[in-house]
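Read through the structure below, which is laid out as structure tokens, and then see the notes.
The sequence lines fix the lettering, A, B, ..., with proteins before strands; numbering per chain opens at 1.
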Amino acid sequence: MIKHLQELLEKAVEDLQRKGIFPKDLAPNISFERTRNKDHGDFATNMALTLAKPLSKPPREIAQLIIDELIESSHVAKVEIAGPGFLNFFLTENCRRQVIKQVLKLRDKFGDNQFGNDKKITVEFVSANPTGPLHVGHGRGAAYGASLSNILEKSGYQVQREYYVNDNGRQMDILATSVWLRYLELCGEKVVFPDNGYQGDYIVNIARKVRKKYGDKFIFNNQEVYEAVPADEKDGGNKESHIDGLVTNAKNLLGKESYGKVFKIALKNILSGIKEDLEKFNVSYDSWFSEKQLHDGDTIDRALELLDDKKYLYEKDGAIWFMATHFGDEKDRVVTRENGQKTYFASDIAYLLNKFERGFEGALYVFGADHHGYIARLKAAAKGMGINPNDIEIVLTQFANLIEHGEKVQMGTRSGKFVSLSQLVDDVGVDAARFFYVMRSHDQHLDFDLDLAKSQSSDNPVYYIQYAHARICSIFDKLEQQAMHHNLEIGNAGLNLLVADQEQDLLRAIASYPEVMVAAARTRAPHLLANYLRELAQNYHSYYNAHQVGVDDENLRNARLNLSLATKIILANGLKLLGASAPVSMFSEDMKEQA
RNA sequence: GCGCUUGUAGCUCAGCUGGAUAGAGUAUCGGCCUCCGAAGCCGAAGGCCAUGGGUUCGAAUCCCAUCAAGCGCGCCA
């Protein structure tokens with residue numbers, strides 16, 4: 001529709017140019033926006049305002065010239081000049097109603113668009129280290145990444161959802177060692193658990209599995225375990241060198257094979273836990289990409305060679321550095337440490353290269369706000385390897401505070417006290433959890449009100465939307481019981497009977513869905529969809545309270561049913577994209593049945 | 001100290017690439033069930049868009065400064 005209006009205006013401008021009223025070299029930027037206020041019609045353009053300067057004429061005068069030149073359109077009822085010089089377009093009522101037919105025909109494809117131009121992209125999100133279960137802090141990235149991926153997919157991107165598994169680093173060694181130490185404890189050895197080890201109970205559970213599978217095979221006595229290990233922090237030493245010493249001993253005592261077994265059990269258990277948690281959270285991935293495979297293959301070496309060939313690497317203090325400052329980063333970054341080990345950043349570079357080698361045309365990263373320091377260096381690496389930095393995009397999600405009884409829930413990994421994502425889902429349900437995380441802009445700090453999310457009341461925005469959906473389902477049920485069967489054709493034929501204010505409002509809302517989808521995709525903002533669904537539900541609730549759908553008049557009834565069905569389709573579609581369900585009934589026993 | 005992000009109603013937040021009278025929810029107050037589900041609807045009240053400058057036809061939006069909050073600044077991952 002916007003396109004149609006643009007063509008009308010382009011035509012008018014051309015004619016004015018031909019008549020010599022507008023200069024020939026004028027190339028106006030004609031943009032339309034849906035009006036916020038219905039008194040301003042359906043669509044408005046500010047083009048007369050933007051032309052005021054180049055034409056040195058008052059905007060309202062220009063607007064009048066354009067209107068006089070506009071040709072008739074069967075879709076446009078009238079065009080008005082308003083305010084400082086806006087052109088307000090009013091569509092014919094008939095034109096507005098056509099959208100219902102479209103929704104009923106396209107069903108869940110309504111709103112699909114080609115904004116993404118078939119671009120092949122990876123969306124990487126969460127990617128938490130597999131050293132423990134996901135906590136609520138990861139929830140926002142998960143909800144955001146999953147919802148955004150869904151929206152991008154509907155908007156013409158080819159999306160690959162990816163989880164980067166950091167299964168190759170010091171943290172993983174600490175994990176494996178933590179498990180081994182708990183195992184020794186279980187076997188009756190005396191162990192003082194290190195300050196910097198992973199404290200959680202889940203480590204003990206994994207240790208149990210190790211013991212069950214391998215019995216006493218990995219036992220060493222206390223003296224061997226602590227041989228030449230520097231003192232821990234609690235004993236006045238350094239917790240980092242203490243744990244490193246333990247890791248070294250673990251590797252030496254167990255030997256490569258046995259150590260590998262412990263390592264593998266730990267990784268496998270934690271990773272499958274993470275997968276379960278995400279699945280429970282209605283988040284799915286297309287691939288789980290292992291960092292290890294970058295090391296095992298030659299990708300890291302090739303990536304570094306690529307940089308080296310272009311003289312972007314140099315040696316200093318025994319380490320190898322990447323000239324990130326050359327590409328706008330604030331400092332150069334080490335890629336190979338003095339001890340010969342590759343840094344985490346080296347893997348990142350390789351992974352980036354790998355994404356483009358696999359044929360992706362864009363890489364989108366969803367990071368927590370604490371990682372914002374990575375943007376510059378990642379873009380620098382891209383530039384260094386000859387990848388267009390515009391093809392990599394990093395979106396930050398701000399932190400979420402959990403609020404319970406009006407108080408911030410304190411969390412810290414040090415205290416070992418954190419609320420797991422799984423626990424949150426158990427408490428508030430997937431629907432509310434997913435919705436709460438994405439209902440605010442991702443770059444906004446978020447207060448996640450647990451009590452509100454738990455409340456099964458009007459206070460809870462997700463229920464509000466689901467209720468509208470359930471309500472519509474209930475109408476259809478009811479009429480079906482009374483043998484007033486819904487007839488699409490009769491409904492479509494009677495659309496001209498939809499004249500009530502609330503019906504017009506609802507039509508406006510329905511018609512704007514595709515635009516919301518594009519906007520959400522373009523600005524990477526799922527919360528736009530969440531807000532939109534609230535508005536759509538609001539429009540329906542108002543309508544429902546003002547008018548009876550199940551009236552005796554067959555024509556009007558079916559027209560209203562068509563309108564209701566169109567609303568229902570969009571509600572269900574939108575909820576699905578955000579990872580929430582669209583229940584047929586809000587009665588709790590029915591909700592359970594649904595699940 | 002430097003850098004990134006943020007500051008809008010009592011509270012939680014929208015406000016698209018600068019546009020028309022700054023909007024929701026919640027809390028508060030007042031109405032609406034003989035009627036398809038009241039987890040709903042209708043109405044009232046609530047604002048120096050942190051502060052001070054600047055850019056222009058026009059600024060919550062862009063620029064600068066100040067104040068306040070969060071985060072980051074390792075040969076950690």
Please state the [atom1] separation for the pair [N] and [M] - nearest whole angstrom.
N      : M      : atom1 : result
B/rG53 : B/rG15 : P     : 28 Å
B/rA9  : B/rA14 : C1'   : 13 Å
B/rG23 : B/rC16 : P     : 13 Å

* Structure fact -> In A/Tyr351, A/Tyr365, A/Trp288, the residue satisfying side chain to side chain donor-acceptor pair (under 3.5 Å) with A/Glu162 is A/Tyr351

What nucleic acid atoms does [X] come within less than 4.0 Å of, heavy atoms only: base, sugar-phosphate, or nothing?
X        : answer
A/Ser542 : sugar-phosphate
A/Gln444 : sugar-phosphate
A/His547 : base
A/Ser441 : sugar-phosphate
A/Arg534 : sugar-phosphate

* Asked: Between A/Asp329 and A/Arg333, is there a salt bridge with N-O shorter than 4.0 Å?
  ->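 Judged by the 4.0 Å cut-off on N to carboxylate O distance, A/Arg333 and A/Asp329 do form a salt bridge.
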
Atom pairs under 3.5 Å, N or O on each side, protein against nucleotides 9-12 of chain B: can you list them with distances?
unit_1	atom_1	unit_2	atom_2	d
B/rU12	O2	A/Arg440	NH2	3.3

* Within this structure, what is the CD1-to-P distance between A/Ile472 and B/rA39, rounded to whole angstrom? -> 16 Å

* Structure fact -> Which of B/rU5, B/rA39, B/rG72 is nearest the side chain of A/Gln398? It is B/rU5

* To do: Test A/Asp244 against every option in A/Lys239, A/Lys251, A/Arg170 by the salt bridge (charged side-chain N to carboxylate O under 4.0 Å, His left out) rule and name the one that passes.
  =>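 It is A/Arg170, the one option of A/Lys239, A/Lys251, A/Arg170 that forms the salt bridge (charged side-chain N to carboxylate O under 4.0 Å, His left out) with A/Asp244.
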
* **Charged tip of A/Arg534 within 45° of A/Tyr464 ring normal and under 6.0 Å** =>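 Yes, A/Arg534 lies over the aromatic ring of A/Tyr464.
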
* To do: For A/Gln548 and for A/Arg34, find the nucleotide of RNA chain B with the closest heavy atom, then tell me which residue's nucleotide is more 5'.
  => A/Arg34

* Asked: Between A/Ala537 and A/Lys316, who's closer to the 5' end of RNA chain B by nearest nucleotide?
  -> A/Ala537

Quick check, are the ring centers of [X] and [Y] under 6.0 angstrom apart?
X        : Y        : result
A/Phe399 : A/His445 : no
A/Tyr513 : A/Tyr532 : yes
A/Tyr312 : A/His326 : yes

Could you go through nucleotides 17-20 of chain B and list every protein N or O atom that sits under 3.5 Å from one of its N or O atoms, giving the distance for each pair?
unit_1	atom_1	unit_2	atom_2	d
B/rG19	N7	A/Asn46	ND2	3.2
B/rA20	N6	A/Asn88	OD1	3.0
B/rA20	N1	A/Asn88	OD1	3.1
B/rA20	N1	A/Asn88	ND2	3.0

* Asked: Below 4.0 angstrom from OP1 or OP2 of B/rC41, is there any side-chain N or O of A/Gln502?
  -> no

* CG on A/Leu577 to CD1 on A/Ile151, rounded to 0.5 Å ->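 Taking CD1 in A/Ile151 and CG in A/Leu577, the distance rounds to 6.0 Å.
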
* Asked: Does A/Tyr464 stack onto the base of B/rG25, taking stacking as ring centres under 5.5 Å apart and planes under 30° apart?
  -> no

